[in-house]
Every structure is written in C-alpha cells, then in structure tokens.
Amino acid sequence: MEILRNPYLNRSMIKDPREFYGRKREITRIYSRLSASHPQCISIVGDRRIGKSSLLNYIYHEANRAKYLNPPDDFVFVFIDLQEERVGTLSDFFDHLFEFLNEALDGRFTVGEQPGYQGMRQLVARLEREHLKLIILFDEFDAITKNQNFDPEFFSFLRSIANRYDVAYILSSGSELQHLCHTKEIAESPFFNIFWNLRLGPLTHAEAQQLICEPSTAAGYNLQDYVDYLLDFAGHFPFFLQIASAAFFDYLLDYPDTDSPDLTEITDLFHQEADQHFSFLWEHLDSLHRTAIRTILEGSEIPPEQQDALMKLQRDGYVIEKDGKYRLFSSGFADYLNAQALHQPERMVASPEDVTPKDYRTEVIAVIDLCDSSGIANRYGANLLMEVLQVLREVIFPICREHNVQFLRSKGEDFLMTFLTRQDAIEVVMTVLKQIDAYNQTSTLEVPIGIHVGIHSGETRVGWENDRYGDAVNCAFRVASLQPNEMLEVDGGILKAELPLKDAIFITEHVHEEIKAIDEIRCQCIGLFKLKGIAERHMIYQVLCDE
C-alpha cells in the first residue's frame, strides 16, 4: 500500500473545481436563475463551515460558467470577499467594486466612470447597451448589513439597479440577512424582497460518499469499505467529513503497513480536531435548541414546547429522524456532548434554588468579549480562534468559581456573568485582565489575546437554563464593544482617538456612582456614548488597573 498524500487537509475555501464535491442540485438552480431573461438575485444562507464560500467560488469559476451558461460571454462576473477586502466605508465599497469590474472587463472596454452611485448607474447602463449581464458575488455580505456606514440609501440603490438593469447579486451569509442589519429600517428594506433564498445544509448520501471515496482513491487508499463508519461519526456535513477522512489518512501515514486500521485510534484523531468545532457549534445554539438536543440524547419523547426547536434542528441538518426516532447528525458530536459540553460549568448559579423562566432580578452584569475574533479567524484560521477561546475559558471559569458569581455562561466569543455587587464584578474582571496579560507575556500563540470588558447594572430577566435577558444585559454588551464613532467628547473626558479598543474595563455611570467612593478602585471619565439599540446616552468611565 502506497499512500501518496492526505487529500483532506484543506480547511479554507475550495478554489479548484476538481476538489469540489456535491451541491449539484444547488448549482443547477443557481445557474438556472442567472440564465433567466432577467438574471435573478440569490441569497445563500448557511452555518459556519457549511461551504458557502466554496459554492460561490464554484459558481464564479470561468470553466463552470462556460459549462452552465449559454452563451457565457454575455455575462460579466465579479467576486468580492467582504471580509478579506475590508470594505469599511461606502468609498471602500465602490473603489473595490470598480477595481474588480476593470479586471473582469479586461479586453472588452475600460471602466472610465468614477466610483460611486452615479458612476455605477452609468456603468451598468453601458453594460446593458453592450448586451452584457452583470453578476456580483458578495461573500460574507453581513459585513455590509451590520456596518453603520451603509445606510438605507445604499440598499435602495442596489435594489434599483437590479430591477432596472440586467444586474443580479449572489450573497452569502451565516443567517437571514434581515436578522443581521444594524437598523430596523434596513431590515425592513424592500432590497431583501428581490432575493431567492437558498439554505445550505448537509450533503446528500451520494454526495457524502463521493467526497469520501474519490479523493481517497486518487491518493492511494479507497475508503469505500469505511463509508458507513465515517458517515456515522462525522455525519453528512462536508467539513466534519473532511476532518474524519483526514484522520483516517493521518493514521495510514503513521502505520503504512497496517492491514486492519484501528478505528478507535482514528476516532481519537478525529476528536482532536473536531471537538473544538463541536464546542463552537454547541455554544452558538440557543437554550431552546440545546434543551431539545438534551432530550434527544436522553432518549425521551420530545414535548410540545420543544417541537419548533426540533423542526429547526432538522431543517439545518443537526437532527435526523429515522423510523420515528430522532438522533444527532453525528455520533462524534453526541459523544462530545456526553463527555464534555453537557457537564461543563458554562452556566452556573450561586444557589441551587429553582428559577422559573420570566423571573426578574436586579444584578450587576459584566461582559467579557474577545477582541477581533473575526480577524483572528480570517488571518490565522478557526483552529487558532478555538485555542484562544479555550484559553479564555481556562482563565475565566476558575476565577468565577472563587468569587460571588450568580450566573456565568460562555457563548461564542463572549462571556456573560452576573453579580450581587459592583465591587465583586470589578474584582473578577480585573483579575481576569491581569491573568490574560500574564499569559500573553509567555504565550507561544501567534497573536496576543485582547479582551473588551463592559459592566452595567439593572434588572435582568431569567430565561431557560437561567440565561439572562433584558435591556440591562444588552447595555452591558454594548459597553463591552465601544467604538469611537459612538462617542461624544465631554469636558473631563478623553479624545476619541484616545479611546482604548482592548484590555480596558468600561463601566456605566450607574456603576460608577456606586463604586467611586471605594479607594481601591480608580476610574477616569471617558465620554458620552450613544449605544446601539439603547434609547438614552450613557456616560462611560474606565476602571484603571494597577501597572
């Protein structure tokens, strides 16, 4: 047996169409809508690592256009990765768009129009006179909908040129775009009505089998005999199938003379990489979906109040029904949950009392948020992001157990905790900040860990699994992610340019009033802030840590 290489190591966007497997139905539907007399707009929605970017790139690839479009020369395709290009302003957007249009039109004519609304109108009108249809693919379009620099006029403009000219957009995002808008006005914009929505889920059985067998055969070892085993513990999601198949090949490279692969060891190799992604998946599910998953793992009957959550889990491919019984998409995910996630102290209350949903409490709320998590994932990969988040858990959880924490939960890149007193909250976050600083001094990670901290106090609503909701909680999250454009400079405060964007503890005026008499806690006034989604302006202070 000669293993040539491990063909399953790519964890980024698939650029070579020969390495792209599955999605034939989705591809056919997309090209069919682009081929209409007036090309149709398409919104591709799917969870992290489901293959949205790879599908967009496959649609964009010139050889595939030639295969599916007739005639392909009637189309001009532009692909813009909105995370990679760092499109932060309207000017950035049009500059990048016109740059890519120039490249796409190379050999046909030169773009002489100036980047902007008027220049874009003139350009698409000229394309139409040349009988050319413009298709713009935007990867991670939620970077636009969540950006306050893009106002309703921008979305109205995009809609108008798509309606008037042969222009279509193909967007990708992690959720329905209306849920990711920075204002209600944009969320309700008619712009979103022009899209056909395509939700990406798991591969079909035939597609998953193809992903397992074809690359492995080309690399010198056909995994056909292990298809059922791989599909059982990895499921039909392409990302986890890649990890499982990669683990198999890593084992074969370590033991090239084996005639009988050790499936237990291969499963262990799979969990070494997959568990951090299972953790991310679990933490990004809300409490209702977690409760439904717990019910499934217990083998209990799904009660009526969990039916809606169950239906969504089925739609997204995380739960499978067979012979009237429900199971998770992956036995590996089930093993992970049984072994770790269900027993981790990610949600803690100080007392064992039963708390029913919709109880209210007056608490101090502290939020710790990882700085630049998207940038870390984009520059260094998701594996490093998971490693950074694990370091934060290992620092934060033990500190909280030692102090008067009423509630703690970790979800994605943030940590929410509540306290009885403001002093308890400040002591905990100061201790966390100091330990993270000490860790950075000796860390071998490629990037230092930076955190935002926001503290507010007020009434919280206790929901399922004791999670906390309400305006006071929202306010703490906003304070943890202050931005200079939200700031109004005041006498006694600091300049916008001086606003620290990481490793700072920010508190609201309400918290400051209660702790300003405590000699051990020093604060400085920052300025007045209009926090997104919060009605009134807040005076914000910074807690100064000892050097």
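Heads up: numbering here begins at 1 and tracks the sequence.
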| message | Run the side-chain contact (heavy atoms from CB on, under 4.5 Å) test on Leu56 and Ile170 for me, step by step, so that the C-alpha distance in whole Å, both residues' side-chain angles and the decisive distance to 0.1 Å come before the verdict. | response | CA-CA 8 Å; Leu56 276 184; Ile170 307 179; 3.5 Å; yes
Closest heavy-atom contact between [X] and [Y]?
X      : Y      : result
Lys24  : Glu207 : N-OE2, 3.5 Å
Lys52  : Asp47  : NZ-O, 3.1 Å
Ala247 : Ile266 : CB-O, 3.8 Å
Gly317 : Phe237 : O-CE1, 3.3 Å
Asp503 : Ile449 : OD1-O, 4.2 Å
Ala208 : Leu231 : CB-CD2, 3.6 Å

| request: Under the side chain to side chain donor-acceptor pair (under 3.5 Å) rule, what do Thr295 and Gln306 come out as? Steps first, then yes or no, please. | output: CA-CA 9 Å; Thr295 303; Gln306 295 178 19; 2.8 Å; yes
| request: Would you confirm whether the ring centroid of Phe93 sits within less than 6.0 angstrom of the ring centroid of Phe138? | output: yes
| request: Evaluate the criterion side-chain contact (heavy atoms from CB on, under 4.5 Å) for residue pair Met417 and Val428; output intermediate values, then yes/no. | output: CA-CA 10 Å; Met417 55 202 78; Val428 165; 4.1 Å; yes
| said: Check whether Phe280 forms a cation-pi arrangement with Arg48 (NZ or CZ under 6.0 Å from the six-membered ring centre, at most 45° off the ring normal). | reply: yes
| request: Hey, can you tell me if Tyr251 and Tyr255 have their rings parallel, tilted or perpendicular (30° and 60° cut-offs)? | output: tilted
| Aromatic plane relationship, Phe248 with Tyr226 - under 30° parallel, 30 to 60° tilted, over 60° perpendicular | tilted
When you look at [atom1] of [X], are more than 12 heavy atoms from neighbouring residues, nucleotides or ligands closer to it than 6.0 Å?
X      : atom1 : result
Gln441 : CD    : yes
Arg25  : CZ    : no
Glu321 : CD    : yes

To the nearest 0.5 Å, what is the distance between [atom1] on [X] and [atom2] on [Y]?
X      : Y      : atom1 : atom2 : answer
Leu370 : Leu389 : CG    : CG    : 5.5 Å
Asp228 : Gln209 : CG    : CD    : 8.0 Å
Asn197 : Phe192 : CG    : CZ    : 10.5 Å
Glu62  : Lys67  : CD    : NZ    : 15.5 Å
Ser54  : Glu19  : OG    : CD    : 10.0 Å
Asn64  : Phe20  : CG    : CZ    : 9.0 Å

Apply ring pair (Phe, Tyr, Trp, His ring centres under 6.0 Å) to [X] and list each qualifying residue two or more places apart in sequence or on a separate chain.
X      : result
His61  : none
Tyr169 : none
Phe333 : Phe278, Phe329
Phe233 : Tyr229, Phe270

| Results of side chain to side chain contact (heavy atoms under 4.5 Å, CB included) for Gln242 - residues two or more places apart only | Tyr8, Arg11, Leu211
Donor-acceptor pair, [X] side chain versus [Y] backbone, under 3.5 Å?
X      : Y      : answer
Ser443 : Asn440 : no
Arg5   : Ala219 : no
Asn6   : Ala246 : yes
Ser172 : Glu140 : yes
Ser35  : Tyr31  : yes
Ser173 : Val45  : no
Asp323 : Lys325 : no
Asn147 : Gly88  : yes
Asn57  : Lys15  : yes
Asp262 : Glu265 : yes

pair [X]-[Y]: side-chain heavy atoms closer than 4.5 Å:
X      : Y      : result
Ile14  : Tyr21  : no
Asn338 : Leu297 : yes
Ile436 : Leu392 : yes
Arg327 : Val319 : no
Tyr60  : Arg65  : yes
Asp81  : Met13  : no
Ile212 : Leu241 : yes
Ile296 : Leu310 : yes

| message | For Asp16 and Arg18: C-alpha separation, side-chain torsions, deciding distance, then whether salt bridge (charged side-chain N to carboxylate O under 4.0 Å, His left out) applies. | response | CA-CA 5 Å; Asp16 186 343; Arg18 295 171 298 181; 2.8 Å; yes
| query | Passes side-chain contact (heavy atoms from CB on, under 4.5 Å), Leu55 versus Ile27? Steps please. | reply | CA-CA 8 Å; Leu55 177 59; Ile27 291 166; 3.8 Å; yes
| remark: The complete set of salt bridge (Lys or Arg N to Asp or Glu O under 4.0 Å) pairs with one or both residues in residues 365-376, sequence neighbours excluded, reads Asp372-Arg379
| Looking just at side-chain N and O atoms, do Thr418 and Gln406 make a donor-acceptor pair shorter than 3.5 Å? | no
| field | CA sep, side-chain torsions, deciding dist, call: Asp268, His271, side chain to side chain donor-acceptor pair (under 3.5 Å) | value | CA-CA 5 Å; Asp268 289 342; His271 279 289; over 6 Å; no
| request: For the pair Lys312 and Asp316, evaluate salt bridge (charged side-chain N to carboxylate O under 4.0 Å, His left out) and give the outcome as yes or no after the intermediate values. | output: CA-CA 6 Å; Lys312 184 177 186 301; Asp316 295 341; 2.8 Å; yes
| request: Evaluate the side chain to side chain donor-acceptor pair (under 3.5 Å) criterion for residues Ser12 and Asn10: first the C-alpha distance (whole Å), next the side-chain angles of each, then the deciding distance (0.1 Å), finally the verdict. | output: CA-CA 6 Å; Ser12 57; Asn10 185 8; 2.9 Å; yes
